[in-house]
Amino acid sequence: MTNTVYDVTTFNGTVSPQTDIGKVINEIIADIKSKQTSQNTRPGAVIYIPPGHYDLLTRVVIDISFLTIKGSGHGFLSRAIHDDTSDTSNWFEVQPGSSHIRVKHTDGNNEAFLVQRSGAPAEVGRLNGVVFQDFCIDGVASTKPYVEGNHKIGISVQSDNDSFRFEGMGFVYLTQAMVVRGADACGFTNNFVAECGTSISLTGASQVAKITNNYLISAWAGYSVFAENAEGILISGNTVLWACNITLINSNRCTISANKLLSNFPSMIALTNGSSENLIFGNHFRRVYGDGTSTRYDDLFGLVHINGSDNAVTANQFSYSVPAADITPSGAAPTIILVAGGNRNYLATNNIRANLDVKVVLDSSTTKTKLLYTANGDQLQAHTNDYALVATP
Amino acid sequence: MTNTVYDVTTFNGTVSPQTDIGKVINEIIADIKSKQTSQNTRPGAVIYIPPGHYDLLTRVVIDISFLTIKGSGHGFLSRAIHDDTSDTSNWFEVQPGSSHIRVKHTDGNNEAFLVQRSGAPAEVGRLNGVVFQDFCIDGVASTKPYVEGNHKIGISVQSDNDSFRFEGMGFVYLTQAMVVRGADACGFTNNFVAECGTSISLTGASQVAKITNNYLISAWAGYSVFAENAEGILISGNTVLWACNITLINSNRCTISANKLLSNFPSMIALTNGSSENLIFGNHFRRVYGDGTSTRYDDLFGLVHINGSDNAVTANQFSYSVPAADITPSGAAPTIILVAGGNRNYLATNNIRANLDVKVVLDSSTTKTKLLYTANGDQLQAHTNDYALVATP
Amino acid sequence: MTNTVYDVTTFNGTVSPQTDIGKVINEIIADIKSKQTSQNTRPGAVIYIPPGHYDLLTRVVIDISFLTIKGSGHGFLSRAIHDDTSDTSNWFEVQPGSSHIRVKHTDGNNEAFLVQRSGAPAEVGRLNGVVFQDFCIDGVASTKPYVEGNHKIGISVQSDNDSFRFEGMGFVYLTQAMVVRGADACGFTNNFVAECGTSISLTGASQVAKITNNYLISAWAGYSVFAENAEGILISGNTVLWACNITLINSNRCTISANKLLSNFPSMIALTNGSSENLIFGNHFRRVYGDGTSTRYDDLFGLVHINGSDNAVTANQFSYSVPAADITPSGAAPTIILVAGGNRNYLATNNIRANLDVKVVLDSSTTKTKLLYTANGDQLQAHTNDYALVATP
C-alpha cells in the first residue's frame with residue numbers, strides 16, 4: 001500500500017529542505033497526486049517538518065484536500081526585540097526556531113503557502129480539511145508596523161474551502177499571517193501570531209469561522225481580525241495585543257466574547273458598513289499609550305465603533321489609561337463606544353474605568369439605542385434624542 | 001523493552017487495515033494485553049492511523065485504560081453536498097479523507113468503537129484516560145436527518161470511565177457520533193461533527209464533562225448535546241449548527257456559554273425535568289427557516305425552554321428570522337424563551353431581534369421569575385402574576 | 001543534516017529511560033547542545049516519550065529554547081481513589097499510565113523539570129517557545145491536601161521566558177504542578193491536573209498568561225491558580241474543582257470568564273492587595289461541603305473576595321449548598337461576595353441560589369460599589385453608606 005506519511009528531511013527531493021522547503025513540499029504534493037489518482041482514492045497525506053531552520057525560496061501551492069502539514073512547535077522568538085537590541089552578540093538564540101520556515105522567495109511570489117484549486121461550479125474545486133499545525137512561518141526581515149513591510153503572506157487560501165484548520169502555528173514578521181477567502185467552517189485555534197501586520201483575514205464571504213484560544217499580536221497598520229461579508233464568526237477566548245483591531249465589515253451575527261484585548265490605539269472592535277446583530281460581550285478592553293504612532297483613527301473613533309443595527313455590547317470591562325497630552329484631537333474627550341449609525345443597538349452592564357473624562361457617543365442618525373448601566377449621565381454624549389438611558393449610578 | 005507505539009499499516013495483523021481496520025485494532029489491543037500483564041505494568045499504548053481509507057467490518061472493543069488512537073486529520077468532506085449534487089463526475093474527491101474509517105460492519109454491531117470493561121464494584125472495571133484524536137469516522141451512507149438512518153454509532157463508552165478525551169475527531173453520516181455513559185471529567189474539544197443525528201450524548205449520570213471549541217453540526221431529529229442526570233457540564237466556545245439542540249434532562253449546575261448557535265428549528269437549548277441552577281449566558285442564538293422539516297417542536301416550545309428552578313439566562317443575543325407563513329401553530333407569536341415550570345429563574349440583559357412579534361412566556365405554574373431588560377412589555381406573555389419585570393425600554 | 005527528533009526509548013543514553021528518564025533527557029539536551037553550536041543554528045528539538053512507566057531519579061534541567069517534550073496521553077488515574085480503597089487486588093490498573101513519569105528523585109531536588117538559564121541582562125538568558133505536551137508527571141505518593149505532602153514540583157520555570165506552552169499534560173500527587181516565574185505570553189491549555197496542591201503558579205511579575213480549557217483539580221491548602229503582580233491573565237473555559245481557589249495578588253486587568261468552578265471551601269476567587277480592573281464574568285460558582293477540612297478561610301471570607309478597585313463581577317451564577325451546622329463562625333450568614341476594600345467595584349446581574357441566608361458584604365473602607373441586580377435588599381450587608389444598590393426584585 002501507499003505510504004501517506006512524509007518527512008521533508010527524508011523525502012528524496014531535488015533540493016534539500018534546508019535550501020528550499022517550498023520546492024520540497026511541492027514535490028511531495030506532486031508525489032501524492034501521482035499516487036492518489038482517482039476521486040475515491042484521495043485521502044491526502046501528512047507532511048512532517050522536524051525542528052530545524054528551513055529556507056523557503058519557492059511558494060508552496062496546495063491543490064489537494066486532506067493535506068496536513070505539521071511541525072513540532074510554533075518556535076516564536078521576538079524578532080523585534082532582537083532588532084531593537086544594540087548588542088545581541090551574547091544571546092543564545094537570535095532567530096525563531098522549532099519547525100522554522102524562513103520565507104525568502106526567489107520566485108517573485110509573496111505567499112509562503114498558497115491553497116488554490118480551480119473548478120466550476122465551485123464545488124468541483126472545493127478543498128476540504130487541509131490542516132496547518134505546529135510550525136513557524138517567519139518573514140525574516142521587516143519593519144514596524146509590518147504592513148507593506150515585506151509584502152509577505154504566511155498562508156493564503158484563495159479558492160472555495162471547507163473545514164480547514166490552523167492550529168498551534170507560529171507567525172512572525174509577515175505582512176499577513178493567514179488569509180482565507182470564502183471560508184466555510186474554518187477553525188483557527190491555539191496559534192501564536194506576533195509582529196505581523198494582519199493576523200487573520202477572512203476575505204470574500206465566509207461562514208461560521210471559529211477563532212478561539214489564540215495569541216494575536218499585531219501592529220497598528222493592519223488588523224487582528226479582518227472580515228468582510230461574514231456570517232456568524234465566533235471569536236472567543238483569545239488574547240489580542242498591541243494594536244488589537246478586530247474589524248468586521250458588513251458582517252452579521254458574529255460573536256466576540258471572553259477575549260483579553262489590549263491596544264495602544266482606538267478601534268479595538270469596529271462593526272462597520274451595516275454589520276448587525278453581532279454580540280460583543282465579556283471582553284476586557286485595555287487601552288494604553290506607547291509603542292507606535294498612527295493617524296488611522298483619532299480618539300473620537302471609539303474603542304468600540306458600531307455602524308449597524310441590533311448589536312449587543314454587554315458585560316465588558318473598559319480600562320482606559322492614556323495621558324491627556326496624547327489624545328487626538330487635542331483636548332477631546334476620548335470615545336469608549338461610538339454608535340455611529342444604526343438602530344436598536346443594545347449596550348448593557350459595561351464597566352468603564354478611565355483616567356480621563358471619556359464618553360459613550362450616539363451619532364445623530366442613530367435610533368433607539370439602549371444604554372443600560374453602561375455609562376453614567378455625564379459620560380453619555382447623544383446627538384439624538386431617540387435613545388433610552390438607564391445611567392450607571 | 002516493550003514497544004508501545006503501533007501503526008495499523010505496519011502491524012502484522014491477520015487482515016490488512018484497508019480490509020478491516022476494526023479487526024486490526026482488536027488484534028493490536030490483544031497484543032498490548034499479552035505484553036502488559038500485571039496491574040502495575042499497564043501504561044497502555046498509542047495506535048496510529050496514517051492518512052488513508054480504511055474499512056471497518058468488525059467492531060473495535062477497548063477494554064484497557066490509557067489507549068490513544070490517533071490519526072492525522074478529521075478529514076471531513078460533506079457527504080450530503082455530494083449526495084445532493086446530480087453530477088459529481090468531475091469532482092476531485094468524493095468522500096472524506098485523512099485518517100478515514102468507513103464503518104461497514106459485517107458483524108451485526110452498530111458501534112465502530114465500543115469501550116467497555118466489566119467489574120464490580122465499578123472501580124474495578126473503571127477505565128481511565130482513553131484518547132480518540134484526529135481521525136475520521138464515516139457512516140458512508142445515510143439519509144437526513146440521520147437519526148435511524150443507518151443506526152451507526154461512532155464511539156460508545158458503556159462502562160465507568162474517567163478523564164477520557166475526544167479531540168480533533170471528525171464524524172460524518174452517523175446516527176450518533178459520541179456516546180458516553182457515566183462520564184467523569186470527560187473532555188470533548190476541537191472536534192468536527194457534521195451530518196450526524198446526535199453529536200454528543202451523555203447518558204446515565206455524568207460529572208463535569210467539558211465540551212469546548214467544537215463544531216457540532218447535526219440534523220433535526222437528534223441532538224447537538226444530549227445529557228441526562230448530569231452535574232456541572234461546561235459547554236463553551238462551540239459553534240453549533242443546522243439544528244442546534246442542546247437538551248439537558250434533570251441536569252444541574254451546568255454552564256452553556258459563549259457559543260454560536262444556529263438552528264432551523266425550535267428548542268435550541270432545553271432544560272427539562274427539573275434541571276436547575278444552570279447558567280446560559282453570552283450565547284448567540286440564530287433561528288432561521290430552511291433545510292429540513294420537523295414536527296418535534298412547534299414554535300411555542302421556545303428557542304430556550306426551561307422547566308426547572310434557579311437557572312440564569314444572561315447576556316444572550318437572539319436573532320430570529322422566520323417567515324410568518326412557516327410558523328406553527330399558524331398565526332402564533334413564536335416563543336423565544338419559555339419558562340414552562342420552576343421557580344426563581346433569572347433572565348437578564350438578553351437582547352432580542354426578530355422579524356415577527358415574538359414572546360417570552362411564563363407558564364402558570366412558574367413562580368418568581370425575574371425578567372430584567374430581557375423583553376419589552378409587549379413581549380412578555382405571563383400566565384401568572386408571580387414574576388418581576390424590568391422591561392427593556 | 002542533524003536529526004532533531006529524539007525518542008527516550010531509542011536514544012543511546014547511559015541508563016535506560018525506565019531507570020531514570022531524567023538522566024536520559026539531560027543527556028539528550030546535552031546532545032542537542034553539542035550539535036547546535038551557534039546562535040543562528042539553534043532550532044531546538046523534540047523529545048518523544050512513548051507510553052510506558054518511567055522513573056525520574058534526576059531532575060531535568062532545560063536551558064535551551066524551542067524544546068518540545070511530548071508524550072501520547074495525560075494518563076490520569078486517581079491515586080487518591082486507589083489509596084482510599086481497601087482492596088485493589090482485582091483492579092486492572094493501579095497507577096497512572098500513558099507516557100507516565102514517576103517522580104522519585106535521588107538527587108535531592110524537588111522539581112521533575114527545571115527550566116532555567118542565566119544571563120544578564122535578562123534578554124540574554126531569555127528562553128523561548130519551550131513546549132510540554134501530552135505526558136504525565138506523577139508524584140507517586142502523597143497525602144491530602146498535597147501541599148507539603150511530598151514537596152514535589154512537576155515543572156518549574158525560573159528564568160525569563162516567552163511564549164511557553166503547557167498542553168495536554170497530566171499531573172497527579174504533586175505539591176505544585178506548574179510554576180512559572182516571570183511569564184510572558186505563556187499558554188496553559190487542555191491540561192488535566194488533579195490531586196495536586198497547587199495547579200498553576202505564576203510567580204514574579206507575569207504578562208498576559210492564558211489559561212484555557214483545562215481541568216484543574218486541587219485540594220484545599222493550595223491554589224488552582226496563584227498569581228502575583230500579574231498583568232492581563234485570561235482564565236477562560238476551565239473546569240476547576242474540589243477546592244477551586246484562584247488567587248490574584250496585586251494583579252490587574254485579568255479576566256476570569258466562562259469557567260465552571262466548584263469548591264468545598266470559601267475563597268473561590270480572591271483579588272487581593274489592590275488587584276484592580278479585573279473582570280469576573282459568566283462563571284458558575286458551586287459551593288458544597290464535603291471532602292476535606294480547612295481553617296484557612298471562614299465563611300465570611302467570601303466565595304468572591306475583592307480588595308482592589310474598579311473590578312467588574314458580572315453575570316455569574318452562585319449555587320450555594322452547605323449545611324448550617326458546618327458554617328464557621330457558627331451561626332454566621334455566609335458571604336457570597338465580600339468587597340473588603342477598594343473603590344468603584346461593579347457587581348451586576350449575578351444570580352444567587354443558596355440553601356441559607358447568604359450575604360453580599362461591603363466593608364467600611366469601600367466606596368462607590370455598585371450592586372445592580374446582584375442581591376436583594378436583605379442580602380446586602382453594607383458597613384458603609386457609600387454605595388449604590390439596585391436590588392434584585
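Just so we're on the same page: letters track the sequence lines, and every chain starts at 1. This structure is a prediction, so every number in the text was calculated from the model and none was measured.
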Chemist: For A:Asn238, is it the side chain, the backbone, both or neither that has a heavy atom under 4.5 Å from a heavy atom of chain C?
Modeler: backbone

Chemist: Sort C:Asn311 into side chain, backbone, both or neither according to what part of it lies under 4.5 angstrom from a heavy atom of chain A.
Modeler: backbone

Chemist: Which one, C:Thr68, C:Leu372, C:Leu234, leads in non-hydrogen pairs under 4.5 Å with chain A?
Modeler: C:Leu234

Chemist: So which of A:Ser98, A:Pro393, A:Ser72 has the largest heavy-atom pair count under 4.5 angstrom toward chain C?
Modeler: A:Ser98

Chemist: Please determine, among C:Val5, C:Val208, C:Leu127, the option with the most heavy-atom pairs under 4.5 Å with chain A.
Modeler: C:Val208

Chemist: Does any heavy atom of chain A fall under 4.5 Å from the side chain of C:Lys210, the backbone, both, or neither of them?
Modeler: both

Chemist: Looking only at heavy atoms and a cut-off of under 4.5 Å, which of A:Phe318, A:Phe192, A:Trp91, A:Phe92 has the most pairs with chain C?
Modeler: A:Phe92

Chemist: Quick one: pull up OG1 in A:Thr374 and CG in A:Leu347 and give me the separation to the nearest 0.5 Å.
Modeler: 5.5 Å

Chemist: I'd like to know if the side chain of C:Asn252 and the backbone of C:Ser276 have a donor-acceptor N/O pair within less than 3.5 Å.
Modeler: yes

Chemist: Could you have a look at A:Ile217, A:Ile81, A:Asn350 and say which one has the most heavy-atom pairs with chain C under 4.5 angstrom?
Modeler: A:Asn350

Chemist: Can you tell which part of C:Ala185 gets under 4.5 Å to a heavy atom of chain A, answering side chain, backbone, both or neither?
Modeler: both

Chemist: Donor-acceptor pair, distance only, cut-off 3.5 Å: does the side chain of A:Asn351 make one with the backbone of A:Asn316?
Modeler: no

Chemist: Can you tell me how far CD of C:Gln36 sits from OG of C:Ser65, rounded to the nearest 0.5 angstrom?
Modeler: 10.5 Å

Chemist: When you check the side-chain N and O atoms of C:Asn40 and A:Gln95, is any donor under 3.5 Å from an acceptor?
Modeler: yes

Chemist: Output yes when a side-chain donor or acceptor of A:Asn283 lies under 3.5 Å from a complementary backbone atom of A:Ile256, and no otherwise.
Modeler: yes

Chemist: Given heavy-atom pairs under 4.5 angstrom as the criterion, report whether the side chain, backbone, both or neither of C:Ala258 touches chain A.
Modeler: neither

Chemist: Looking at C:Ser38, C:Ser309, C:Gly232, which has the largest count of heavy-atom pairs under 4.5 Å with chain A?
Modeler: C:Gly232

Chemist: Quick one: of A:Asn214, A:Leu262, A:Thr314, A:Thr85, who has the most non-hydrogen atom pairs under 4.5 Å with chain C?
Modeler: A:Asn214

Chemist: Do A:Phe285 and A:Tyr320 come within less than 4.5 Å of each other through their side chains, counting heavy atoms only?
Modeler: no

Chemist: Given the options A:Gly52, A:Ser257, A:Gly73, which has more heavy-atom pairs under 4.5 Å with chain C than any of the others?
Modeler: A:Gly52

